[in-house]
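Predicted model, so just to flag it, every value in this text is computed and none were measured. Every chain is numbered from 1, with letters handed out A, B, ... down the list of sequences.
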There are 2 protein chains.
Amino acid sequence: MELRHVRYFVAVAEELSFRGAAEKLHMAQPPLSAQIKALEEELRVRLLERTTRSVRLTHAGRVFLEEARAVLAASAQAEQRARDAAQGLAGTLRVGIIAPVAGAWLAGILRRFRQRFPGVQLSLFDLTSTEQLRRLHARELDAGLLRPPIGLPELDYKFVGESRQVLAVPAGHRLARKKRLEWKDFHDEELVLIHPSAQHGFYDPFFAACAKAGARLRPVQYANDIQTKMWLISAGFGIAPTTATLGEVKRPGLVFRALPAGLPPVQTVLAWRRGDPSPVLEHFCKGFEPFMSLSIL
Amino acid sequence: MELRHVRYFVAVAEELSFRGAAEKLHMAQPPLSAQIKALEEELRVRLLERTTRSVRLTHAGRVFLEEARAVLAASAQAEQRARDAAQGLAGTLRVGIIAPVAGAWLAGILRRFRQRFPGVQLSLFDLTSTEQLRRLHARELDAGLLRPPIGLPELDYKFVGESRQVLAVPAGHRLARKKRLEWKDFHDEELVLIHPSAQHGFYDPFFAACAKAGARLRPVQYANDIQTKMWLISAGFGIAPTTATLGEVKRPGLVFRALPAGLPPVQTVLAWRRGDPSPVLEHFCKGFEPFMSLSIL
DNA sequence: GGCATTGATATGCAATTAGTATCAATGCAT
DNA sequence: ATGCATTGATACTAATTGCATATCAATGCC
């Protein structure tokens with residue numbers, strides 16, 4: 001069975017006339033009769049009851065007509081969705097994110113994208129930057145919002161925002177009471193850090209500044225995710241530098257303080273595989289224009 | 001687009017290899033490539049990313065693959081349902097019934113039918129015999145359970161049951177207290193009848209017997225349906241002969257009494273258009289075998 | 001670096017679909 | 001009742017196109 005048979009049958013069933021249907025299909029009547037006959041022979045089912053003066057649907061024909069319309073609808077939808085997908089109006093997009101960007105800024109961008117491209121299914125994955133890079137390489141992600149450096153030549157990326165580092169301290173902590181912090185104030189302080197395996201270089205500028213000022217730090221607690229890290233700090237286990245955007249998250253017992261000047265901002269980049277030019281992806285990347293260097297992120 | 005294109009594409013997308021797919025499809029590789037190319041050109045969408053060593057789906061291809069599977073499923077279902085319909089396993093059947101047959105007997109037959117033919121959609125229409133005949137003629141019904149006579153030459157029918165007539169009387173009525181009724185007892189009695197327009201001959205044998213015994217009747221109330229008729233009787237408006245099967249229906253204030261001997265049984269027939277040989281209909285008719293002359297109906 | 005394997009291309013052929021001419025049957029109008 | 005117009009079927013021809021064979025260029029792998 002081919003779609004031609006289905007199209008022809010629906011035309012005849014709707015017109016209840018071979019000649020009429022043939023005209024509608026811009027073809028001659030004999031080949032139309034032949035095709036319908038072939039369809040009936042393949043199905044081994046009589047679909048139409050013809051006399052020389054009239055055409056009627058058999059019971060099987062009535063049933064088949066319903067199904068035939070469904071087939072044509074499915075095929076039309078298949079064509080449409082393929083075209084949509086080619087224009088970036090349909091499809092799926094798997095995007096990696098890190099916890100610090102999951103704030104109002106990204107929510108706004110995603111909302112706009114979903115409004116403009118309702119046919120695209122967005123799947124978000126909360127992963128570390130390292131894991132995102134692995135999955136981008138393995139084609140398990142289409143894009144990722146993560147921290148540089150990238151380090152994979154096959155990936156392209158662009159900066160989409162930057163943010164200061166701030167200090168997260170337990171409420172009532174010694175440093176929470178100080179008005180203006182200096183690097184030597186961190187001497188002997190206990191730190192709550194994200195485990196090195198899920199981290200590449202985020203703390204390095206902080207460590208360097210402390211070392212330069214002669215402040216020796218004491219890493220005492222390692223967490224695997226941001227939520228645990230913030231909880232440990234609020235529970236008084238120590239202090240830690242954090243991205244300023246996390247200040248959006250209020251938590252009892254947790255306060256934020258400005259760090260001494262001199263730290264480079266934390267950058268967020270959007271990365272994707274180069275030479276994998278999905279129009280959906282292109283639209284998604286455009287949603288991050290223009291570059292927001294002064295974003296609160 | 002033809003189903004051939006869809007089938008070929010799904011094969012290639014699943015194998016991710018033209019040669020492999022061609023083998024699976026029992027054809028050579030070059031024509032397969034040509035067909036996929038034709039499909040892509042018609043859709044104006046690149047579905048597959050090929051190098052000389054590997055085949056990958058594009059994003060549009062991934063979307064199209066999903067839809068393509070739906071198209072194939074729809075077409076397979078269309079073929080199956082058409083075949084089922086031809087064997088009487090699928091389709092719809094519009095059946096007319098009259099209130100007196102809507103009892104346990106018919107319920108059992110219909111339940112059996114629906115179990116054996118779950119693909120057939122049964123639509124029941126509660127109509128008078130007269131209206132059923134009109135709709136059978138107009139092809140608005142496929143079968144009807146009704147009272148003879150039929151009177152239309154294009155219809156075929158068979159007896160499916162018969163039932164005595166009994167007398168419905170209000171509780172406490174004069175005739176309800178009598179042990180054994182005679183025809184002359186009906187002299188001067190008030191009758192509750194179904195309106196003549198919805199009735200052909202049901203009361204005639206009763207009228208004839210009364211007249212023969214010299215009992216003059218007084219029709220005082222006409223109802224349009226059985227429910228109203230029974231309600232009127234229970235409310236004391238009069239008495240009426242009724243089909244014995246309605247004794248299944250208990251109603252406060254309503255009792256049934258045997259009529260004097262001599263009335264012919266009320267027959268129920270199953271009627272359908274001759275020369276309209278739907279296998280669904282045939283199966284339905286078979287459900288009424290064997291002939292149930294001693295049915296309580 | 002050689003080799004086997006992959007998808008693309010070129011070309012001839014076969015199958016099938018569409019078109020033309022015509023016929024028999026039937027409903028309708030006179 | 002009867003002639004006529006219209007319908008779907010049939011016979012045959014023409015054109016399309018889908019398929020197979022032979023071959024090539026590119027690429028991953030040993």
Side-chain angles (χ1 to χ4, degrees), chain A residues 1-43 45-58 60-61 64-65 68 72 75 137-139 153-154 275-276, chain B residues 1-43 45-58 60-61 64-65 68 72 75 137 139 154 275-276:
Chain A
M1 188 171 73
E2 291 294 335
L3 282 180
R4 178 171 15 89
H5 296 120
V6 180
R7 281 190 274 262
Y8 290 1
F9 171 76
V10 170
V12 174
E14 283 179 348
E15 293 283 310
L16 288 178
S17 152
F18 281 76
R19 281 193 129 82
E23 193 170 339
K24 216 174 177 181
L25 293 166
H26 305 293
M27 67 187 292
Q29 167 260 318
L32 177 58
S33 293
Q35 291 296 318
I36 297 288
K37 192 177 167 189
L39 173 62
E40 289 179 322
E41 273 170 12
E42 184 183 344
L43 295 176
V45 171
R46 193 137 196 84
L47 300 171
L48 295 163
E49 200 70 57
R50 320 90 145 128
T51 70
T52 50
R53 295 298 294 178
S54 73
V55 175
R56 272 214 322 269
L57 283 165
T58 64
F64 187 72
L65 176 58
L72 294 186
S75 91
H137 173 74
R139 300 182 168 272
E154 80 224 60
D276 193 8
Chain B
M1 189 171 71
E2 289 296 333
L3 282 180
R4 177 171 17 86
H5 298 119
V6 180
R7 280 189 275 261
Y8 290 0
F9 171 76
V10 170
V12 175
E14 283 179 349
E15 294 284 310
L16 288 178
S17 153
F18 280 76
R19 281 192 128 83
E23 193 170 340
K24 215 174 177 183
L25 292 167
H26 305 295
M27 67 185 293
Q29 167 259 318
L32 177 58
S33 293
Q35 291 296 320
I36 297 289
K37 192 177 167 191
L39 173 62
E40 290 179 323
E41 274 170 11
E42 184 183 344
L43 295 177
V45 172
R46 194 136 195 86
L47 300 172
L48 295 164
E49 200 69 57
R50 325 75 148 137
T51 71
T52 50
R53 296 297 295 176
S54 73
V55 175
R56 271 213 323 267
L57 283 165
T58 64
F64 187 70
L65 176 57
L72 294 186
S75 92
H137 173 74
R139 300 181 168 273
E154 80 223 62
D276 191 10

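- Across all their heavy atoms, A:A60 and A:R46 have their closest contact at CB-O, 4.1 Å.
- The main-chain N or O of B:L72 is found under 3.5 Å from a side-chain atom of B:S75 such that the two form a donor-acceptor pair.
- When the nearest nucleotides of DNA chain D are assigned to B:R53 and B:R4 by heavy-atom distance, the more 5′-ward of the two goes with B:R4.
- Annotation for B:G61 and B:F9: closest pair O-CZ, 3.7 Å, computed over non-hydrogen atoms.
- A distance-only check finds a donor-acceptor pair linking the side chain of B:E42 to the backbone of B:M1 [under 3.5 Å].
- Nucleic acid contact class of A:T51 (heavy atoms, under 4.0 Å, all strands): sugar-phosphate only.
- The minimum heavy-atom distance linking A:A22 with A:L32 is given by the pair N-CD2, 3.5 Å.
- Shortest non-hydrogen contact noted between A:R4 and B:E2 is N-OE1, 2.9 Å.
- Of the residues in residues 28-43 of chain A, those with a non-hydrogen atom less than 4.0 angstrom from any atom of DNA chain C are A:A28, A:P30, A:P31, A:Q35.
- D:dG18 atom P lies 15 Å from atom CG of B:L25, rounded to whole Å.
- When heavy atoms are screened at a 4.0 angstrom cut-off, A:S17 is found touching the sugar-phosphate backbone but no base atom.
- An end-to-end axis angle of 30° holds for the helix from C:dG1-D:dC30 to C:dT30-D:dA1, taken from five base pairs per end and rounded to 10°.
- Across all strands, A:R50 comes closer than 4.0 Å only to sugar-phosphate atoms, never to a base (heavy-atom distances).
- Annotation for B:E23: atom CD does not count as buried by contact number, only 12 or fewer foreign heavy atoms lying within 6.0 Å.
- Comparing A:T52 and A:H26 by the nucleotide of DNA chain C that holds the closest heavy atom to each, the one mapping nearer the 5' end is A:H26.
- Put simply, chain A comes within 4.0 Å of DNA chain C, heavy atom to any atom, from C:dT17 to C:dG27, going 5' to 3'.
- For B:R50 and B:E40, the salt-bridge test passes: some basic side-chain N is under 4.0 Å from an acidic carboxylate O.
- Here the closest heavy-atom approach between residue B:Y8 and residue B:L25 is recorded as CD1-CD1, 3.6 Å.
- The interatomic distance linking A:L3 (CG) with D:dG18 (C1') rounds to 16 Å, in whole Å.
- A donor-acceptor pair under 3.5 Å links the side-chain atoms of A:T58 to the main chain of A:L47, judged by distance alone.
- Side-chain contact between A:F18 and A:V55 is present, with heavy atoms from C-beta onward closer than 4.5 Å.
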